[in-house]
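In what follows, a single structure is set out as structure tokens and then discussed.
Atom set for the values below is all heavy atoms of this structure, side chains included, hydrogens, waters and symmetry mates excluded. Both counts, for ligands and for their atoms, begin at 1 and track the order of listing.
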Amino acid sequence: MYDQNNIFARILRGEIPAQVVKETPYTLAFRDIAPKAPFHILVIPKGAYITAGDFFCNASTAELEDFARTVGDLLKDREGYRLISNNGAAGGQEVPHFHLHLLSGQPTGNFG
Ligand code: AMP
């Protein structure tokens with residue numbers, strides 16, 4: 001069950017400020033409040049999706065395309081970057097609204 005009062009839902013409703021870097025009809029991108037890299041952006045769908053599995057299974061084609069193109073626009077001029085998505089309690093997800101972390105601006109090493 002989606003928690004309507006999670007912090008990203010509140011950002012989407014304008015109840016909490018965010019440093020927005022890009023907004024489209026279906027997607028919002030804003031700076032992480034506790035950046036782990038010089039460029040640390042969170043990209044979220046505006047729809048109420050909890051995890052990556054939820055979003056990628058249940059979002060409309062328009063939402064999926066808009067999300068992917070927004071990520072692409074933010075990354076296309078960057079040389080090196082890492083994309084992270086934490087999902088579920090066991091996956092370390094703190095905010096239960098699907099989000100993708102975009103990290104760049106410093107060497108990220110090799111994960112995996
Ligand atoms: P996760 O652990 O993947 O759920 O990541 C949640 C992220 O949200 C963390 O990196 C937090 O620093 C970030 N965060 C929490 N509250 C805010 C906020 N109000 N504005 C921007 N980022 C936030």
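- The aromatic ring centroids of Phe56 and Tyr49 lie 6.0 Å or more from each other.
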request  = Evaluate the salt bridge (charged side-chain N to carboxylate O under 4.0 Å, His left out) criterion for residues Lys46 and Glu63: first the C-alpha distance (whole Å), next the side-chain angles of each, then the deciding distance (0.1 Å), finally the verdict.
outcome  = CA-CA 9 Å; Lys46 290 185 176 178; Glu63 289 175 299; over 6 Å; no
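- Given atom 8 (O) of ligand 1, the protein heavy atom at minimum distance is Phe8 CZ, 3.4 Å.
- When non-hydrogen atoms are compared, ligand 1 lies under 4.0 Å from the side chain of Leu42 (C-beta onward) but not from its backbone.
- Contact annotation: Lys36 has at least one heavy atom less than 4.0 Å from an atom of ligand 1.
- Between His101 and His99, the ring centre distance stays below 6.0 Å.
- Two residues are said to be in side-chain contact when any heavy atoms from C-beta on lie closer than 4.5 Å; Lys22 and Thr24 meet this criterion.
- For the pair Leu103 and Ile84, the minimum side-chain heavy-atom distance is below 4.5 Å.
- Remark: distances from the non-hydrogen atoms of Gly92 to ligand 1 include one below 4.0 Å.
- Contacts between His101 and ligand 1, counted as non-hydrogen atom pairs separated by less than 4.0 Å, involve the side chain only.
- Side-chain contact between Asn86 and Glu94 is absent, with no heavy atoms from C-beta onward closer than 4.5 Å.
- The side-chain heavy atoms of Pro45 and Phe98, taken from C-beta on, include a pair separated by under 4.5 Å.
- The shortest side-chain heavy-atom distance between Leu12 and Ile44 falls under the 4.5 Å cut-off.
- What sits closest to atom 22 (N) of ligand 1 on the protein, heavy atoms only, is Ile33 N, 3.1 Å.
- Near Asn86, with a cut-off below 4.0 Å to any heavy atom, the atoms of ligand 1 are 1 (P), 2 (O), 3 (O).
- Summary of contacts: the protein heavy atom closest to atom 10 (O) of ligand 1 is Asp32 OD2, 2.5 Å.
- Using a 4.0 Å cut-off to heavy atoms of Phe30, the atoms of ligand 1 that qualify are 21 (C).
- Listed by number with element, the atoms of ligand 1 under 4.0 angstrom from any heavy atom of Gln93 are 4 (O).
- When the heavy atoms of Arg31, Glu94, His99 are ranked by distance to atom 5 (O) of ligand 1, first place goes to His99.
- Contact atoms of ligand 1 toward Ala34: 12 (O) (distance under 4.0 Å to a heavy atom of the residue).
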